[in-house]
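What follows is one structure encoded as structure tokens, with my remarks underneath.
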Amino acid sequence: MGIIFRFVLRNIKEKKFRTFLILFSITMSAALFFAADAMSGSVEKIVVDRIRKAVGSAEILITANEKSPSRSMSMAFAQRLGDKLEYVAGTIHGSGIYKVGRDESIRIDLHGFDMEELQQMNPVALTAEQKLYPFNGKKIIISQNTAKKYRLAPGNVLDIEIDRQKHRFTVSGIAKPAGIFQEDGQSTNAIIPRAFLAGLYDMEGQVTAIYAKPKDLAEKQALIEQLSKIYNRYSVREAIPEEDIKRNASTFTVPFMMMVVLVLFISVFIIYTSFRVITTEMLPVIGTFRSIGATKTMTDMVLLAESMTYGIIGGALGCGLGIGMLYIMANMLLTPADKAAGFAAQISYSPVQLATAFILAVVLSVISSLVPIIKVSKISVKDIVLNKIDTTKKRRKWKLAAGILLFATVLLLPQYMPRKIAVTFDMFCMVFASISIVLLIPYLTAGFIKIFEKAYIFIFGNEGTLAVKNLRDNKNILNNISLLAMGISALLLINTISFSVFKEVANAYRGYHYAVRFYIDEADREKLGKVERVEGVDAVYGNMYVHDIGVGDGKDRIMLLYGADRVKFNDYIDVGILGDANALVDELSQSRSIIISNALKYKFGVEIGDKLVLNTKTGDREYRVIGFCETLFQNGQTAVIGDRFLKSDWKLKYISEVLVKTDEDPEVLKERIKESFKDQQLYIQTVAGMERENNEANTALFGIFRIFSIMTMVIGVFGILNNFAISFMERKRGLAMMRANGMSKGQSIKMIFIEALTGGLIGGAVGILTGILLISVIPYLLKAIDMPIPVHYSGLLFAQGLIGGTVVTLIASLSPAMKSSKLNIMEAIKYE
Amino acid sequence: MEAIIETNGLFKTFKLGMLDVEVLKDINVTIGKGEFVSIMGPSGSGKSTLLYLIGGLDKPTSGSIRIKGKELAVMKDKEQSIMRRRDIGFVFQFYNLIPNLNVEENVMLPVLLDGKKMKAYRSRLDEILEIVGLSDRRHHTPRELSGGQQQRVAIARALINEPDIILADEPIGNLDSKTGTEVMKLLQRINKEQGKTIVQVTHSREAAEYGNRTINVRDGKVS
């Protein structure tokens, strides 16, 4: 046994490129699987970090909701559970305007805290302080950034306007950028004594939010239940809503897993084909070992040990590489605001995830090599020794039938899948699509060859005909076509989705029939009038909406609910209402009726005339569905009701956003509006600016997907190089024979290039077909994860796929072409 | 008799690791047009090397080879290739057919390489397949043929361009005696009826007897 193992190890060491290829594909598979699997954990960590910035170590949060009698509550009831709680902290949130100069003012988020409670919950680290304690009166702690920006130091005073009244605060502390002061460049935070804000807002003994931490974390849910009973008209929940975060993050994993499925498939294919060569090469040795007494199990175990060795090494390398990849991906996901706030990319993974990736690598390697090993195991010793092995490859009809069946499954069934199993089924469809193409490739190639055979006689002459004939049933070329097809389809898949998203984002912004939008505190008719008077403003609409509305029992949500003005809404916002948009919006103003997006229609399973119960501030209200719209606003989770019902049911006093039309340069108008409202905090954007920001965020996300797809292609390219090397070794004798029959060096090179060109073109064409098949599943998959983005095909992308595939194959054929011209004919004929 | 193959002071040395092995030493042979010559000798004597050098499949270390009066050493790769297509036909021990081409395509290979249209060679193909007795197997691939049939395809391929010379390396070395006899008779017929010059390398004295002259090579020298 030892001598056989030594032989295997020597074999692994000698066949360096093959060993590299197998290890590379296993490593990449394990790494990408690990990164995709752990990605959701890292996304969770990013989200948790963002929340922890505000809530510190608190685990329970109590705030007012639509059913609460007021926005404040007493802390006393929570404090009665003091024996079970490590601490209870309360805050009063407020805001103020700090006038920096004559033309500049900034909005400051004011957090009213009791210092002792705050230090327990979310400690503030100070770089400088002056008469901080006792923390009362008009003392203020500001961030290091704010102090630096506005040249403030401890002891300085600053005037802040709260509720239209000016208050002079003394800077008592400068805080390091951590916790509440980990600012994102957009907002400015400050801590002031809670008692001061309570006095100002008439909230003595009250707070707007209560934070608590249980002594025993295991009792968290029990405490939440207990507090829910006490604060029964308030919202008592986990400060970190782990389940929600997990659920949201897991939808993030789906597209990554989609790519991993393709990578795994390519790896299985590479390992399988490599092991077919390994077992064929080892046949004489296996015969020799078997003839001198080694059992079938012994030789099988040796081959299995070889594949397991690849799996173990690839798994270990993959885990290391996966951690690096995860870090890069997490870094790419940080928003500019996160980076401005000083967040570093943090990754999160468990030993179980590492172990799973490692086991996957070993299983992947062993399973992929199993079929060739079993096939060799079935050959009798006599046949091996006498070299009577039939290597002819028969086309099996079941493969054609299975290929067609899987192809049809992928093409036809996803549209009929119920929502519950759609994601799983669609992921299987991605695998089915790849398998079906691999099964059909010999038949597709034969068809293409017939076409090329006729064309090449005119283009390349007899060498062209010979090259095409050489491609018939050439398993290495078929393998290359399979690898190319999978690599190209992965690239097409990601790029088409990315292309579609960018196109749809552009389309969505075309639905904004205005140039500038802005938010301003307490926007009312008076402020709208002021906007109308700004030079260059053609028309103004005060749009109203609410976010994240519970439907029915509250589990289903509508993410954006517009309150439409019957006259102006359609003129400013096009949500793609199907049918007579004006008539439908007019109908919305007459009764509690609703227009929902097609995505929500699919999600809720409703038709026109059905009723939806919306959880409003004034209780549950029934709205009748009167129409549907096709929009991508809020990923399509959008609906429209009449503005008067939105105002009454949600008790809205102010306009949500101001939309402005102009014929002038929006950027110029933006500056004019800012100037006009210079004494107030504005959040203003042009539509072009909004689109640019959205595209930047999408670019980061698709950058990660592209890494995955490029890796898939890289694995494929290495596979192609390997196949060319194997093909050259196998064809040495044939090429020498052609040279003996009068083929010149030039003809030999020309023939190999034509073969590569044809293989590349077929691979590219089949890649496009595979890509189209995979992409056909995408709309259903995206719909199932609440991202109903229609797919747009780019002719240019597909042309690039075809050309790219051909160029890759031509480059890969350079080495065999050159080697063929230097071939020693006599040696190849006599000894190969 | 007009000389069709001439070698003068032919030497061939191979590198075997650190050693230089002299395989052919000062070979001087002349083969006349229409001769059927058998080169014989023990394993490793250099007889196959001599055949491959004559066919231009390898280059001598020194000395000259003239085929139909033309010096091989001064020919470029393209000229040598054209010569191999038009003036020489090869038959190998292991047939060396292209597995994914059928009988017709294998036979037509030198025609294709010569840039000629297959259609123009239809009647010639039929004639040759008739001679080698494979008219009914024309659409079969090599793996569907016996060893003897494969060797006859190789002979047909060697004949398609009507070369003056056929070089055969152990043409019956891989065949049973009955099939071997059939193949040798076929070569003899081609030599007699078509006047082709045939040079074969063989171990078999019986096979050598089908020729009209034998050249013995021993330790790289003609003995």
Side-chain angles (χ1 to χ4, degrees), chain A residues 387 389-394 445-446 449 453 456-458 460-478 727 730-751 755 820-832, chain B residues 12 14 23 48-53 55-59 76-102 105-119 141-144 154 157-158 160-161 163 167 169-170 201:
Chain A
N387 196 21
I389 297 134
D390 183 17
T391 52
T392 54
K393 227 183 143 172
K394 289 168 202 146
T445 306
I449 281 175
E453 210 166 3
Y456 278 6
I457 190 82
F458 299 106
F460 298 115
N462 288 346
E463 291 91 342
T465 313
L466 263 179
V468 174
K469 286 182 195 299
N470 285 341
L471 293 179
R472 285 195 301 222
D473 291 329
N474 181 326
K475 63 180 187 297
N476 290 307
I477 297 288
L478 292 180
S727 175
E730 287 176 355
R731 291 180 59 196
K732 252 184 177 178
R733 193 189 178 105
L735 288 168
M737 197 281 308
M738 289 207 189
R739 298 270 286 122
N741 277 283
M743 179 178 261
S744 67
K745 284 178 186 178
Q747 282 179 311
S748 167
I749 293 173
K750 185 178 169 187
M751 186 182 76
E755 283 174 23
S820 79
S821 70
K822 290 174 188 160
L823 191 69
N824 185 321
I825 305 169
M826 191 178 113
E827 263 182 31
I829 289 177
K830 290 289 280 181
Y831 309 116
E832 286 294 334
Chain B
K12 178 70 184 174
F14 284 118
V23 182
S48 287
T49 305
L50 176 61
L51 190 82
Y52 285 107
L53 289 178
L57 296 181
D58 202 1
K59 287 191 171 104
K76 289 186 178 157
D77 173 68
K78 197 173 176 183
E79 291 170 296
Q80 281 197 8
S81 300
I82 291 170
M83 183 200 76
R84 283 200 296 272
R85 272 178 230 159
R86 296 178 185 171
D87 300 324
I88 300 173
F90 277 98
V91 178
F92 299 102
Q93 182 181 355
F94 294 105
Y95 336 124
N96 285 331
L97 303 178
I98 307 289
N100 47 348
L101 300 184
N102 64 26
E105 289 163 343
N106 264 293
V107 174
M108 291 291 239
L109 195 59
V111 174
L112 285 171
L113 292 173
D114 214 17
K116 293 168 186 158
K117 291 227 183 323
M118 275 173 81
K119 274 183 192 166
T141 55
R143 63 175 72 103
E144 294 163 334
R157 182 179 64 193
I160 188 77
N161 262 341
L167 302 178
D169 184 11
E170 302 270 12
V201 163

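Heavy-atom basis, side chains included; hydrogens, waters and symmetry copies ignored. Here is how names work: the chains are called A, B, and so on, in the same order as the sequence lines, proteins then strands, and each is numbered from 1. Nothing here was measured: the structure is a model prediction, and the numbers come from that model.
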Practice task
Among A:Arg731, A:Arg739, A:Glu463, single out the residue with the greatest number of heavy-atom pairs under 4.5 Å to chain B.
Solution key: A:Arg739
Exercise for the section: Can you see which heavy atom on B:Asn161 is nearest to which on B:Arg85, and at what distance? Expected result: ND2-O, 3.0 Å
Fill in the blank from the handout: Whatever's closer than 4.5 Å to a heavy atom in chain B on A:Met738 counts as both
Handout entry: Option that, when pairs with chain A are counted at under 4.5 Å, heavy atom only, ranks first among B:Asn96, B:Ile88, B:Thr49
Key = B:Asn96
Problem - Proximity breakdown for B:Phe14 and chain A, heavy-atom pairs closer than 4.5 Å - result: side chain
Exercise for the section: Go through B:Arg86, B:Lys116, B:Lys78 and name the one with the most non-hydrogen pairs under 4.5 angstrom from chain A. Expected result: B:Lys116
Handout entry: Choice from B:Met83, B:Glu105, B:Met118, B:Glu79 maximising heavy atom contacts with chain A below 4.5 Å
Key = B:Glu105
Practice task
Could you pull out the closest heavy-atom pair between B:Phe94 and A:Arg733, with the gap in Å?
Solution key: CB-NH2, 3.0 Å
Exercise for the section: Test A:Glu453 against A:Lys469 for salt bridge (Lys or Arg N to Asp or Glu O under 4.0 Å), laying out the working first. Expected result: CA-CA 8 Å; A:Glu453 210 166 3; A:Lys469 286 182 195 299; 3.2 Å; yes
Practice task
Please look at B:Asp58 and chain A and tell me whether the side chain, the backbone, both or neither of the residue comes under 4.5 angstrom of a heavy atom of that chain.
Solution key: side chain
Handout entry: is_close_aromatic(A:Phe458, A:Tyr456), centroid dist under 6.0 Å
Key = no
Practice task
With side chain to side chain donor-acceptor pair (under 3.5 Å) as the test, would you mind laying out the steps for B:Gln93 and B:Asp169 before giving the verdict?
Solution key: CA-CA 6 Å; B:Gln93 182 181 355; B:Asp169 184 11; over 6 Å; no
Problem - B:Leu101, part contacting chain A, at a heavy-atom distance under 4.5 Å - result: both
Practice task
Please test A:Met737 against B:Arg157 for side chain to side chain contact (heavy atoms under 4.5 Å, CB included), starting from the C-alpha separation and ending with a verdict.
Solution key: CA-CA 12 Å; A:Met737 197 281 308; B:Arg157 182 179 64 193; 3.0 Å; yes
